[in-house]
Undergrad: 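The structure that follows is given in the form of structure tokens.
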Amino acid sequence: MEPAGAPPPSCAPAREAEEPPGSPALPAERPRDGEPARKAREEAAAEQSRGRGPAGRAARGGGRRGPEERGARAGRRPRVTVDSSKAKTSLEALKISLRQLRWREFPFGRRLPCDIYWHGVSFHDNYIFSGQVNKFPGMTEMVRKVTLSRAVRTMQDLFPVEYNFYPRSWILPEEFPLFVTEVRMMKESDPSWKPTFIVKPDGGCQGDGIYLIKDPNDVRLAGSLQSRPAVVQEYICKPLLVDKLKFDIRLYVLLKSLEPLEIYIAKDGLSRFCTEPYQEPTLKNLHQVFMHLTNYSLNIHSGNFIHSDNVNTGSKRTFSSILCRLSSRGADVKKVWSDIISLVIKTIIALTPELKVYYQSDIPAGKPGPTCFQILGFDILLMKNLKPMLLEVNANPSMRIEHEQELSPGVFENVPSPVDEEVKVAVIRDTLRLVDPQKKKRKDTQSQTSEHVSETKEDLLDAGPAGGPEYDTSRNAEAGLPSLCLKQVFPKYAKQFNYLRLVDRVAALFIRFLGVKGTTKLGPTGFRTFIRNCKLSNSNFSMASVDILYIDITRRWNSMGIDHKESGMCLQAFVEAFFCLAQKKYKSLPLHEQVASLIDFCEYHLAALDERRLPCGRGVAERRSAAVTGPTDGLEGSPALHAPLLNHTAAAGKFADCRSHRYAGAVSPGAGRD
């Protein structure tokens, strides 16, 4: 395994700099009155120095440029600009990354648009209409403990074996009676089963409000639980121990794109240790948080916490050091990594359907808006048998690279943490390299540039950057950087996991019938239109029954406190209704095949409807055949117009295959898979 590379020695001196090298226009302190005017003057001066103003052209001699000069300027592009004004705790790691990349930072924002906006907490930190932002709308809501549990449970209903990496969970207070009943029944069926449960408040972080119980009746139902829901999970009693201590793994995952889905995993992460030797839970030690909870924010207050500059020792270590230790004991480290990659991909597949609903609400198609990417923190626990279990997903994992050290009572100082810096700086830097907006432009330029221009570029590179600090030198920086610490896992392994993306296809149907751009709830008219267009109503399932189904499910989901900002059916409620319809229509199949069959059925009818709605749709086939001998209305020259028809034909073929299999009584386990 290739660990995340440390910054190259050549970049080390830059860490001492206050600001990125070559950015004299950046303010050294917070803006004062008149700052916008000063910035405007500086930007005007910069424009002039780049030769866009008359004085700049005169300074360069004016007149027409020769081919060599034009080629030289073609080789120098403006540097990537990054707005770090809302970076919060990740600011220091971001600054180091930008210095290594030689990109331009705007720590107090910028009047003109930036290429990348780096936010510390939320997508809604600012109004952004272009560029890229390092947060997805809705991600914070999606990875809350209750929402994550619901999303994974939906996938467990469809694929119980594939999603057995998440502990059995119940949502409180609504499922408290179910929790009590199921635990009682399991104890009756297996008297030797003596479980422990862990209660986690929804939206909690840093170990806040977490506690362990042995009996369901010990759940603290009064007071805060009514206003702050929680998840109760079966506690994993047999974790893997290192030095007799329990630990978890913080892995960093880059969600680079939702459509198409693109996922990267960091090759190294952090292992965070408890500070008291582990013992299986008993009534006597349930309250010993330093033994059972791995949260760094809790254990740092333990007298046994060890800050270490060595990645192999201390209470926080690199994950690669743990893998090396396991490998030396003969463990199959490759299988551990394979299982972790599978866990990450499956979890994101569970999250993406609702993320797409949030995305189309905040950035509707056809309206200006940024593209998004996001670094997620996956908290994973290795069991004694080395099986990884998902604990939670963090939308805003800490990117701090220092820790507080108490010099004297009440006096603290920020001290660098080499372990954090080694892992986190590499993750941020290589995330920026992957989303580099200049990369595609450079590739296009290189493919179109003539040979003599390329020679001119080489001469310029040998002589140093002729354009000053405003111009892109990131290609020089790339040469001195280590290989990427982020490994692509999707779409690289898409063929192995695409069959799981059934709810993704259900979400596409949901979004299609939302009607109003910017909404996340489906109204009764939209639901009726879905039923009608997909030909799902008949003599046994009338439109009156459709209305009753809509009202019952929507009312129940709204009573759970799911987003009362707008009325209507949320995606989770629509998925439940869709599963009900699938079970009614295909009674003899397993649930995932029922759902896959109904999706194919709906897509087939919607494809046929779209084809009828195309201009002059009835004569499309004749015009396509006539295109061989001569043009007709220009249709034969528009592949974009024909592409939907090809997709519709494929959908019809899929539905016909599925239908023939079903009538033959031999539906394969993979029916309906992508």
Undergrad: What I want to find out is whether Arg168 reaches Glu182 closely enough, with some N-O distance under 4.0 Å, to be called a salt bridge.
TA: no
Undergrad: Between Asp610 and Arg512 (salt bridge meaning N to carboxylate O under 4.0 Å), is one present in this structure?
TA: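 A salt bridge is present here (some side-chain N lies under 4.0 Å from a carboxylate O).
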Undergrad: Please walk me through it: do Lys492 and Lys487 pass side chain to side chain contact (heavy atoms under 4.5 Å, CB included)?
TA: CA-CA 10 Å; Lys492 182 176 181 178; Lys487 173 186 177 182; 4.0 Å; yes
Undergrad: Side-chain contact, heavy-atom cut-off 4.5 Å: Met139 with Leu255?
TA: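 Yes - at least one pair of side-chain heavy atoms lies under 4.5 Å apart.
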Undergrad: What heavy-atom pair brings Val253 and Ile265 nearest, and what distance separates the two atoms?
TA: CG2-CG1, 4.3 Å
Undergrad: How long is the span from the CD atom in Glu354 to the CZ atom in Phe510, to the nearest 0.5 Å?
TA: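 The CD atom of Glu354 sits 8.5 Å away from the CZ atom of Phe510.
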Undergrad: Does any N or O in the side chain of Thr81 come within less than 3.5 Å of the main-chain N or O of Arg104, such that one atom is a donor and the other an acceptor?
TA: no
Undergrad: Would you check if Lys267 and Asp430 make a side-chain contact, meaning some heavy-atom pair closer than 4.5 Å?
TA: no
Undergrad: Are Val143 and Glu392 packed together at the side-chain level, in the sense that at least one heavy-atom pair is separated by less than 4.5 angstrom?
TA: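 Val143 vs Glu392: side chains apart.
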Undergrad: Does Ser342 use its side chain to pair, donor to acceptor, with the backbone of Ser338 at less than 3.5 Å?
TA: no
Undergrad: Are Leu486 and Lys256 close enough, and set up right, to give a side chain to side chain contact (heavy atoms under 4.5 Å, CB included), and what steps lead you there?
TA: CA-CA 11 Å; Leu486 294 165; Lys256 186 172 179 283; over 6 Å; no
Undergrad: Sort out for me which residue in Val344, Leu434, Ile375 forms a side chain to side chain contact (heavy atoms under 4.5 Å, CB included) with Tyr264.
TA: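 Running side chain to side chain contact (heavy atoms under 4.5 Å, CB included) over Val344, Leu434, Ile375 with Tyr264 returns exactly one hit, Leu434.
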Undergrad: If you take all heavy atoms of Tyr358 and Gly138, which pair is closest and at what distance?
TA: CG-CA, 3.6 Å
Undergrad: For Phe136, is there any backbone N or O sitting under 3.5 Å from a side-chain donor or acceptor partner on Gln374?
TA: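 Side chain of Gln374 to backbone of Phe136, a donor-acceptor pair under 3.5 Å: yes, one is there.
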Undergrad: What's the shortest heavy-atom distance between Thr519 and Gln360, and which atoms?
TA: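 The pair with the smallest heavy-atom distance is O-NE2, 2.8 Å.
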Undergrad: So for atom NZ, which belongs to Lys387, do other residues, nucleotides or ligands contribute more than 12 heavy atoms lying within a distance under 6.0 Å?
TA: yes
Undergrad: Nearest 0.5 Å, please: how far is CZ in Arg505 from CG in Leu598?
TA: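 With rounding to 0.5 Å, CG (Leu598) is 10.5 Å from CZ (Arg505).
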Undergrad: Which heavy atom in Trp557 sits nearest to a heavy atom in Glu576, and how many Å separate them?
TA: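 Shortest heavy-atom contact: NE1-OE1, 2.8 Å.
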Undergrad: Do the side chain of Tyr166 and the main chain of Tyr163 share a donor and acceptor less than 3.5 angstrom apart?
TA: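 Looks like no, no N/O pair under 3.5 Å.
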Undergrad: Is there a side-chain contact between Trp103 and Ile116 in this structure, where contact means two heavy atoms from C-beta onward sitting under 4.5 Å apart?
TA: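 In contact.
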Undergrad: Mind telling me whether Tyr550 and Phe527 have parallel, tilted or perpendicular rings, with 30° and 60° as the class edges?
TA: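 Geometry flag for Tyr550 against Phe527: tilted rings.
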Undergrad: Using modelled atom types only, decide if a donor and an acceptor are shared between the side chain of Ser361 and the backbone of Val357 within a distance under 3.5 Å.
TA: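 Between the backbone of Val357 and the side chain of Ser361 there is no qualifying donor-acceptor contact (under 3.5 Å).
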Undergrad: Got a second to check how far Met142's CE is from Ile348's CD1, nearest 0.5 Å?
TA: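 Output value for this atom pair is 11.5 Å.
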Undergrad: Side chains of Leu343 and Phe378: does their closest heavy-atom pair fall under 4.5 Å?
TA: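 With C-beta onward as the side chain, the pair touches.
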Undergrad: Is the CZ atom of Arg555 crowded by more than 12 outside heavy atoms at less than 6.0 Å?
TA: no
Undergrad: To the closest 0.5 Å, what do you measure between CG (Leu606) and CD (Glu611)?
TA: 13.0 Å
Undergrad: Salt-bridge test for Lys439 and Asp436: reply yes if a basic N is under 4.0 Å from a carboxylate O, no otherwise.
TA: no
Undergrad: With the side chain counted from C-beta on, respond yes when Met155 and Glu162 share a heavy-atom pair under 4.5 Å apart, and no when they do not.
TA: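 Answer no - side chains too far apart.
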Undergrad: Please report whether the ring centroid of Tyr586 lies less than 6.0 Å from that of Phe601.
TA: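 Not close enough - the centres of the two rings lie 6.0 Å or further apart.
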Undergrad: Tell me, with the steps shown, if Lys88 and Asn396 meet side chain to side chain contact (heavy atoms under 4.5 Å, CB included).
TA: CA-CA 11 Å; Lys88 299 186 184 298; Asn396 301 302; over 6 Å; no
Undergrad: Using a strict threshold of under 4.0 Å (side-chain N to carboxylate O), is an ion pair present between Arg144 and Asp202?
TA: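 A salt bridge links Asp202 with Arg144.
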Undergrad: What are the two closest non-hydrogen atoms of Cys602 and Phe530, and how far apart are they?
TA: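 In terms of heavy atoms, the two residues are closest at SG-CE1, 4.2 Å.
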Undergrad: Quick one: does any side-chain atom of Arg532 pair with a main-chain N or O of Lys535 as donor and acceptor, under 3.5 Å?
TA: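 Answer holds: no.
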Undergrad: Taking C-beta and beyond as the side chain, do Asn538 and Phe541 meet within less than 4.5 Å on heavy atoms?
TA: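 When only atoms from C-beta onward are counted, Phe541 and Asn538 do touch, with a gap below 4.5 Å.
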Undergrad: Working to the nearest 0.5 angstrom, can you tell me the gap between Gln594 CD and Cys580 SG?
TA: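 One gets 10.5 Å once the value is rounded to the nearest 0.5 Å.
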Undergrad: Starting at CG of Leu502, measure out to CD of Glu593 and round the result to the nearest 0.5 Å.
TA: 10.5 Å
Undergrad: Tell me if the centroids of the rings in Phe497 and Tyr499 come within less than 6.0 Å of each other.
TA: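 For Phe497 and Tyr499, the ring centres are not under 6.0 Å apart.
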Undergrad: Examine distances only and state if a side-chain atom of Ser559 and a backbone atom of Arg556 form a donor-acceptor pair shorter than 3.5 Å.
TA: yes
Undergrad: Is there side-chain contact between Val80 and Pro437, with at least one heavy-atom pair below 4.5 Å?
TA: yes
Undergrad: Between Glu141 and Thr147, does the side chain to side chain contact (heavy atoms under 4.5 Å, CB included) criterion hold? Intermediate values first, please.
TA: CA-CA 7 Å; Glu141 292 80 4; Thr147 319; 5.6 Å; no
Undergrad: Look at the side chain of Lys145 and the backbone N and O of Lys200, then say whether any donor-acceptor pair between them is shorter than 3.5 Å.
TA: no
Undergrad: Counting N and O atoms only, with roles assigned by atom type, does the side chain of Arg153 sit under 3.5 Å from a partner on the main chain of Ser169, one being a donor and the other an acceptor?
TA: yes
Undergrad: Taking all non-hydrogen atoms of both residues, which atom of Pro370 and which atom of Val133 are closest, and how far apart?
TA: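 Minimum heavy-atom separation between Pro370 and Val133: CG-CG1, 4.0 Å.
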